[in-house]
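Note that this is a predicted model, so its numbers are computed, not measured. In what follows, every chain begins at residue 1, and chains take the letters A, B, ... in the order their sequences are listed.
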Amino acid sequence: MVINLVQKYAFFCIQSLSLNFNSKYFMLQIKYIESNKELVTQSLKKRNWGDTQLKIVQKLIETNEQRKSAQLKMDQALSEHKKKAELIQGLYKSGEVTKANELRTEVQQAKETIKAMELDFKHRTQQLEELLLQIPNIAHQDVPTGKSEEDNQIIKTGQDTLPSPIPGAKPHWELAEAYQLFDLKTAAKITGSGFVLFTGKGAKLQRALISFFLDEASKAGYLECMPPYMVNEQSARATGQLPDKEGQMYHITEDNLFMIPTAEVPVTNIYRDLIVKAEDLPIKLTAHSPCFRREAGSYGADVKGLNRVHQFDKVEIVQIALPEKSYEILDKMVSYVEGLIIKLGLPYRIVRLCGGDLGFTAALTYDFEVYSVAQKKWLEVSSVSNFESYQSNRLKLRYKDEKGKNRLCHTLNGSALALARIYAAILENYQTESGIKIPEVLVPYCGFDRIT
RNA sequence: GGAGAGUUGGCCGAGUGGUCGAAGGCGCACGCCUGGAAAGUGUGUAUACGCCAAAAGCGUAUCGAGGGUUCGAAUCCCUCACUCUCCGCCA
């Protein structure tokens with residue numbers, strides 16, 4: 001059954017392998033934008049940018065021109081300045097003190113002008129950087145146009161028919177109450193709404209899932225990491241949480257640290273400011289972490305139980321890859337995540353995000369949804385993305401190519417998997433009239449095969 | 001939290017106002033030597049931005065980060081971050 005599904009999946013892999021990879025331009029840097037203005041504009045339109053917003057592209061190019069001419073002026077002035085300083089030194093050595101002093105006064109006066117030039121250059125560079133931070137990643141050509149999640153493309157459904165609920169099927173929050181698996185009320189007392197207190201077999205199931213996911217990732221060649229759960233501003237900026245998702249993170253203002261919204265942030269930042277060897281690629285990392293998300297403003301029907309919480313556990317997989325390999329790797333990662341869901345025996349589908357739903361930093365994203373049988377609802381449990389060189393550019397993560405030139409790596413990541421919702425789906429899909437069965441792969445991790 | 005000592009290239013390490021992007025060593029790459037290797041020996045070996053159609057070349061910046069003093073800063077002054085040692089507190 002598992003093999004069969006994997007084979008079916010191969011068809012989809014081959015399809016997306018045919019994506020054409022433009023090897024010459026793969027950075028989202030100012031140089032890229034300058035030479036690909038049309039493509040960038042098209043991509044922004046795909047992300048539903050209006051004409052007013054699109055003006056930023058032109059502004060970017062103009063600002064860069066200004067920056068360049070400012071640098072040229074500054075460099076020339078500095079060069080002259082340096083030469084004069086050397087001259088003064090020579091004059092002192094040869095005993096021509098009067099001449100030296102004269103020149104000193106002259107140079108002293110020129111300092112003001114140079115300072116102004118430096119300031120001008122700095123301002124323009126900053127201005128450019130601020131503008132660049134506002135440009136999202138170029139959407140891959142396969143990204144469908146669309147405004148919201150309704151326009152996402154379902155590219156695969158794991159099963160022909162959806163399972164039907166047993167008579168009297170309960171949503172997971174009712175099951176949790178019945179079997180004392182987790183307690184939202186007490187968590188709300190301790191912390192606030194949107195937090196969870198797991199207890200007994202409920203807590204053990206949670207731990208089992210984490211261990212299972214980490215072991216699977218190790219088997220697939222990912223290096224296990226345990227990163228810090230708070231990051232500094234620079235790290236948050238490098239992976240693109242700042243400035244785009246400012247309000248999504250918990251911010252510890254006193255120390256200016258952010259609670260991580262995903263392990264992607266600390267794990268990817270391991271490689272910030274590094275130049276890696278091409279032969280070391282791909283680098284494969286995995287980590288479990290709690291994920292903290294404020295989810296400000298998202299209230300409504302879909303927040304019940306574990307559907308949307310402020311703290312949930314997740315195992316993340318991250319890869320750093322050669323640009324020409326990244327889409328092949330994206331397919332492998334998608335296939336890996338699919339394998340996990342199949343092992344857990346949950347009904348699922350794979351969705352390709354449309355331009356309106358695509359994250360700021362991603363070029364192409366596949367979401368995994370599992371079917372929650374009692375809620376009769378699809379729950380997003382994984383998101384696998386290729387960021388191409390977008391994060392690398394911010395991370396300054398590069399590798400040396402055959403010619404010894406430094407080029408930006410590509411980064412990819414995916415949830416494998418997000419616990420809270422997978423947990424909910426397991427409870428609902430595995431409920432029987434006499435208790436909840438434990439999926440076979442988890443039994444060795446749990447130490448029990450039923451919750452009664 | 002208090003006191004002190006540090007932070008220099010891939011690594012080690014010299015350098016307390018000038019010719020220092022930085023001695024020396026290790027490593028790495030290429031060559032010579034060798035039957036082959038080691039040893040020996042020679043050369044090369046940072047990053048970013050800019051000028052140039054591009055390469056070559058050239059310019060500028062970078063010695064933890066940011067400011068300042070100076071004609072000139074790795075070197076002097078200030079602020080911050082990190083590392084180490086001691087004290088305090090603590091799982």
Side-chain angles (χ1 to χ4, degrees), chain A residues 23-25 27-36 60-132 226-238 252-258 266 269-281 283 389 392-409:
Chain A
S23 64
K24 194 170 175 195
Y25 301 115
M27 310 182 199
L28 198 52
Q29 296 170 304
I30 183 62
K31 281 181 188 170
Y32 175 88
I33 296 171
E34 271 176 342
S35 42
N36 294 274
L60 213 59
I61 291 168
E62 281 163 19
T63 308
N64 192 40
E65 286 307 319
Q66 288 164 359
R67 182 194 120 247
K68 286 201 283 196
S69 69
Q71 184 177 347
L72 194 61
K73 269 205 312 202
M74 179 188 73
D75 281 357
Q76 281 165 351
L78 277 171
S79 178
E80 247 174 74
H81 188 77
K82 266 172 78 166
K83 275 182 199 140
K84 281 181 187 159
E86 273 169 42
L87 232 126
I88 291 169
Q89 190 200 157
L91 289 173
Y92 275 126
K93 272 194 178 159
S94 58
E96 297 167 85
V97 179
T98 330
K99 264 195 180 171
N101 286 341
E102 271 170 32
L103 194 54
R104 260 177 66 178
T105 340
E106 187 196 318
V107 175
Q108 201 171 4
Q109 279 157 3
K111 277 172 84 174
E112 291 279 315
T113 327
I114 291 179
K115 228 171 227 175
M117 283 176 179
E118 282 176 329
L119 213 67
D120 182 49
F121 172 68
K122 207 171 154 184
H123 283 329
R124 295 191 190 282
T125 307
Q126 267 170 8
Q127 207 182 347
L128 180 70
E129 270 162 17
E130 271 160 37
L131 288 170
L132 275 171
M226 279 184 107
Y229 299 151
M230 293 184 210
V231 294
N232 58 30
E233 198 182 328
Q234 224 182 335
S235 294
R237 202 167 275 271
I252 293 115
T253 46
E254 197 174 353
D255 302 290
N256 197 25
L257 295 173
F258 297 87
N269 269 283
I270 296 171
Y271 285 89
R272 173 149 53 85
D273 295 324
L274 290 183
I275 299 171
V276 297
K277 289 185 194 147
E279 61 260 37
D280 291 342
L281 298 174
I283 292 163
S389 59
S392 295
N393 185 35
R394 292 194 181 181
L395 287 159
K396 299 200 175 61
L397 162 54
R398 291 156 297 169
Y399 71 97
K400 275 201 194 299
D401 69 9
E402 329 71 59
K403 287 178 193 157
K405 255 198 151 179
N406 293 332
R407 300 173 74 201
L408 292 170
C409 298

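Contact annotation for A:K82: backbone-only contact, meaning every heavy-atom pair under 4.0 Å involves sugar-phosphate atoms and none involves a base.
Checking B:rA48, B:rC71, B:rU60 against the side-chain heavy atoms of A:I88 singles out B:rC71 as nearest. When distances are taken from the side chain of A:L72 to each of B:rG72, B:rU60, B:rC51, the shortest belongs to B:rC51.
Applying the 4.0 Å criterion to OP1 and OP2 of B:rC71, one finds that A:N101 has every side-chain N and O outside that range. For the OP1/OP2 pair of B:rG59 and a distance below 4.0 Å, the side-chain nitrogens and oxygens of A:S79 include no atom meeting the criterion. Between A:K73 and B:rG50 there is no side-chain N or O to OP1 or OP2 distance below 4.0 Å. In this structure, A:R398 does not reach the B:rU47 phosphate: none of its side-chain N or O atoms is under 4.0 Å from OP1 or OP2. For A:K277 and B:rA29, the shortest distance from a side-chain N or O to OP1 or OP2 is not below 4.0 Å. An OP1 or OP2 oxygen of B:rC49 is reached within less than 4.0 angstrom by no side-chain nitrogen or oxygen of A:R67. At the phosphate of B:rC49, neither OP1 nor OP2 sits under 4.0 Å from any side-chain N or O atom of A:Q71. Between A:K122 and B:rU60 there is no side-chain polar atom (N or O) within less than 4.0 angstrom of OP1 or OP2. Contact check, A:H81 against B:rG72: a side-chain N or O comes under 4.0 Å of OP1 or OP2. Between A:K115 and B:rU70 there is no side-chain N or O to OP1 or OP2 distance below 4.0 Å. Contact annotation: A:K31 side-chain N/O to B:rG50 OP1/OP2 distance is under 4.0 Å.
Heavy-atom nearest nucleotides on RNA chain B were determined for A:M74 and for A:Q89, and the one closer to the 5' end corresponds to A:Q89.
In this structure, B:rC26 forms a base pair with B:rG10, meeting either the Watson-Crick or the G-U wobble geometry with both donor-acceptor distances under 3.5 Å.
For the C1' atom pair drawn from B:rG27 and B:rA46, the interatomic distance equals 15 Å after rounding to whole Å.
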